[in-house]
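Working notes for the structure below.
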Amino acid sequence: MCTSVMYKNAKGKWFLARTMDFSFELGGRPVVIPRNFHFKSDAQATGFDTKLGFTGAGRDLNGYILVDGVNEVGVGAATLYFDGLAKFADQTDENETNLAPHEVINWILGNVTSVADLKTKISDVNIVAVANDLFKMVVPLHWIVADKSGACVVLEQDENGMKVMDDPVKVMTNSPDFQWHLKNLNNYVQLKPTSHSSKSYGDFESDAYGLGSGALGLPGDYTSVSRFVRAAFIRENTEKADTEAGSINALTHILNSVEIPKGVKADNEGGCDYSQYRGYMSLDEGAYYMQPYDDQTITRVVLTPELLNASEPSEYPLQNTQQFNSVN
């Protein structure tokens, strides 16, 4: 499970952010992939090449796999779970770039210069039902992709093929499909940041108890359906920050509303989904901010010429215990 949102600050700068909600320990950390890099592939023996440098959350599993990030020209992307609905090709196509589902983020960030560019290039990609070595299964995924102009799309591949859908809400969660989530927002048109006015019941005048009554009915559970509605409402009404730092801070508060603490979303086998980290992508700055569960301190990685032109990827460790600003 995961939640992703876009955010535009008062200066018109765009950001893409996400929670990574999963029960299996992924062990991701900030990674930088340099320009002109060759990736191994589980889908085709020749692998694939990238041109653009990018940074995001990933792990070296006999080759780097990233699950979100931002590239040097301001394209951000994140992969989210799409259980029960994702359907990928049964075989490779020699006339197309063949990718396993878990390799799509690497290809997008390494080769795509804008959402418009993605719409042109995605037709030459064949996503093949190839298992991920870590999970020993074909991971059911879909993707959100954005650029620094504010353009945003959702990619979903099901039994009817690949769908590239503009995302006017600039929010994405998990199953059901994206179009279902958009229609479901029609059930919440009563939500507003201000209070509801008084209402008459016969001769009785009913008044709300305090501020906040405009959000009555906002779902508070951790299903993907409820997280979509909650993220859409809170994102839409959150104050616009003036600075880069203020924008990241605003996004932390938006994602606070959908973050899943350990233990509150358990399955029947003893496992539980929780928000292993939060990632924030500054599309204009070309920087990635990572906030892990065990240490809410935010780690920032910016794409520098040295990192972009390096011969090998760079990665940065994270603390596994909470850090503090001790004042005495």
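No hydrogens, no waters, no symmetry mates; every other heavy atom, side chains included, goes into these values. Note that the numbering runs from 1 along the sequence shown for the chain.
Side chains of Met172 and His142 form a contact here, defined as non-hydrogen atoms less than 4.5 Å apart. Contact annotation: the side chain of Leu303 approaches that of Val32 to within less than 4.5 Å [non-hydrogen atoms, C-beta and beyond]. Under the 4.5 Å side-chain criterion, counting only non-hydrogen atoms from C-beta, Ile144 is not in contact with Val153. By the 4.5 Å heavy-atom criterion applied to side chains, Val70 and Phe54 are not counted as neighbours. Counting heavy atoms from C-beta outward, Asn106 and Phe48 have side chains that approach closer than 4.5 Å. Two residues are said to be in side-chain contact when any heavy atoms from C-beta on lie closer than 4.5 Å; Arg227 and Asn174 meet this criterion. Annotation: side chain of Val171 is in contact with side chain of Arg235 (closest heavy-atom distance under 4.5 Å). Residues Thr113 and Leu52 have side chains in contact (heavy-atom distance under 4.5 Å, counting atoms from C-beta outward).
For the residue pair Asp295 and Gln323, no side-chain donor N or O sits within less than 3.5 Å of a side-chain acceptor on the partner. No side-chain N or O of Asn126 forms a donor-acceptor pair with one of Asp93 less than 3.5 Å apart. A donor-acceptor contact under 3.5 angstrom links the side chains of Asn9 and Ser247, judged on distance only. The closest side-chain donor-acceptor pair between Gln291 and Thr252, if any, does not fall under 3.5 angstrom. When only modelled atom types and interatomic distance are considered, Thr50 and Asn111 share no side-chain donor-acceptor pair under 3.5 Å. A side-chain donor from one of Asn256 and Arg278 sits under 3.5 Å from a side-chain acceptor of the other. Side chains of Asp147 and Ser114: no donor on one and acceptor on the other come within 3.5 Å. No hydrogens or angles considered: a donor-acceptor pair under 3.5 Å links the side chains of Glu205 and Ser198.
Of all non-hydrogen atoms in Gln44 and Glu96, the two that sit nearest each other are OE1-O, 4.0 Å.
Ion pairing of Glu285 with Lys13 is absent here, as no side-chain N (NZ or NE/NH1/NH2) approaches a carboxylate O to less than 4.0 Å. Under a 4.0 Å N-O distance rule, the pair Lys11/Asp242 does not qualify as a salt bridge. A salt bridge links Glu315 with Arg29; the closest basic N to acidic carboxylate O contact falls under 4.0 Å.
Residue Phe233 is grouped with residue Leu182 when hydrophobic side chains (ILVMFWY) are merged at heavy-atom distances under 4.5 angstrom, including chains of intermediate members.
Note that Lys121 lies outside the cation-pi zone of Trp107, set by a 6.0 Å cut-off to the ring centre and a 45° limit from the axis.
Judged as a side-chain hydrogen bond (donor to acceptor under 3.5 Å, both in side chains), and not counting sequence neighbours, the contacts of Asp68 are Arg18, Tyr277, Tyr288.
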